[in-house]
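What follows is a short report on a single structure.
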Amino acid sequence: MGVYDAVGGIEAFRRISKRFHHKVESDSKLMELFPKNMVALEERLALFLTERTGGEAVYTGARGKTSMICRHAHLAIGSEEATRWLAHMKAALEEEGVSDAISTQLLSNLTELAATLADPLVHLYGLPIAALREKLEEDPSLAKLNDHGRNLICAAAISWDVPRLRLLLEFGAEIETSDTGGHNPLYRVANGSGNEADGRAALELLIAHGANVNQVTGVGGMTPLHMSARRGTVAIAEALLEAGANIEARDSNGETPLRRAVNCGKEDVVRLLVAHGADPLSRDRFGRTVVEAARSERLRNLLQG
Ligand code: HEM
């Protein structure tokens with residue numbers, strides 16, 4: 001007999017889900033994340049568990065194929081929250097009278113899933129810098145930790161947080177680590193926005209620590225220069241060029257940084273790249289030149305000097 005039948009079918013899962021959510025309601029730590037009204041969630045969890053244990057696939061039919069990671073991405077779930085979630089589920093299964101063997105089987109499956117949802121670093125991202133230093137002194141391995149692509153240095157890179165980057169590098173953070181999108185810290189800086197002086201300082205710090213300005217990361221085949229061209233961050237693009245970024249690098253569509261800037265209408269970066277000799281006649285993989293792709297007369301004029 002499979003887990004679904006051994007538990008007692010969908011009605012048993014509905015009772016388990018109800019018990020589980022009652023326990024969540026009296027857990028003030030978890031209630032910081034859960035909504036007050038959990039009626040809809042009760043049914044969704046029952047349907048999810050039904051499907052996951054081999055019952056009818058009604059959950060996906062009703063809610064779509066979005067992964068559990070995406071459904072939880074907006075929540076600050078750390079290791080402690082995951083442990084509490086699992087403890088409430090264990091207690092709910094016990095109250096339902098599910099046998100130890102079946103409960104252990106189901107819980108080990110859910111423990112694996114919960115580990116992909118929980119970010120062990122979630123409580124460290126927003127810590128004041130002095131408190132983060134204390135944590136790193138207690139446990140320097142946190143600077144290098146990469147759990148399913150979650151790591152402190154990419155988070156600091158995204159927000160152009162130079163003091164935090166400096167601290168993490170001091171504790172041995174890795175310059176070529178990658179996040180959930182497969183991108184490294186340098187790419188994340190190039191993907192950022194805000195005060196460009198901070199962005200430039202963040203970029204220079206990473207480059208001084210050996211970051212490769214021409215490293216392609218993620219699925220689109222883009223370099224950091226492609227990314228800053230899309231964002232229109234002139235100071236970042238300039239710093240990348242000064243550090244030797246390849247101005248004619250091609251992404252997976254055969255597009256150069258100049259083409260990306262044109263696509264996104266980022267005139268200041270177009271001007272900068274043209275001044276540095278970027279080729280307005282380079283062709284993408286469909287044979288279209290950058291000039292042909294420009295949507296306005298203004299952009300075409302900029303491209304033709
Ligand atoms: C194996 C572990 C887990 C499973 C199987 C699970 C399952 C689910 C399911 C099926 C939903 C409904 C999604 C939908 O269709 O809308 C949901 C939502 C939710 N889960 Fe989990 N979950 C798990 C872990 C956690 C943890 C550790 C937390 C945090 C303590 C958590 C907090 C929430 C919250 C707050 C929602 C409501 C999200 C919203 O509607 O905005 N879950 N979960």
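Atoms within each ligand, like the ligands themselves, are counted from 1 in listed order.
For atom 5 (C) of ligand 1, the nearest non-hydrogen atom of the protein is F48 CE2, 3.4 Å. Ranking protein heavy atoms by distance to atom 41 (O) of ligand 1, first place goes to H74 NE2, 3.0 Å. Ranking protein heavy atoms by distance to atom 30 (C) of ligand 1, first place goes to L30 CD2, 3.4 Å. The protein non-hydrogen atom at the shortest distance from atom 32 (C) of ligand 1 is F34 CZ, 3.2 Å. Taking atom 16 (O) of ligand 1 as the reference point, the nearest protein heavy-atom neighbour is R63 NH2, 2.7 Å. At the shortest separation from atom 15 (O) of ligand 1 among protein heavy atoms lies Y59 OH, 2.5 Å. For atom 1 (C) of ligand 1, the closest non-hydrogen atom on the protein side is L110 O, 3.3 Å.
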**Q.** I16/V98 under side chain to side chain contact (heavy atoms under 4.5 Å, CB included): CA gap, chis, key distance, verdict
**A.** CA-CA 10 Å; I16 290 164; V98 175; 4.2 Å; yes
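Using a 4.0 Å cut-off between charged nitrogen and carboxylate oxygen, R250 and E255 do not count as a salt-bridge pair. Using a 4.0 Å cut-off between charged side-chain N and carboxylate O, E292 and R259 make no salt bridge. In this structure, D251 pairs ionically with R260, as a charged nitrogen and a carboxylate oxygen lie closer than 4.0 Å. In summary, E170 and R133 engage in a salt bridge, as defined by a charged side-chain N under 4.0 Å from a carboxylate O. A salt bridge is absent between E11 and R15: the closest approach of a Lys/Arg side-chain nitrogen to an acidic carboxylate oxygen does not fall below 4.0 angstrom.
Of all protein N, O or S atoms, those under 2.8 Å from atom 21 (Fe) of ligand 1 number 1.
K90 has its side chain out of reach of L110: every pair of non-hydrogen atoms, C-beta onward, lies at least 4.5 Å apart.
Of the heavy atoms in L33, both backbone and side-chain atoms come closer than 4.0 Å to ligand 1.
Residue contact check: L113 has heavy atoms under 4.0 Å from atoms 1 (C), 5 (C) of ligand 1.
Listed by chain and number, the residues in a side-chain contact (heavy atoms from CB on, under 4.5 Å) with P128 are A131 (sequence neighbours excluded).
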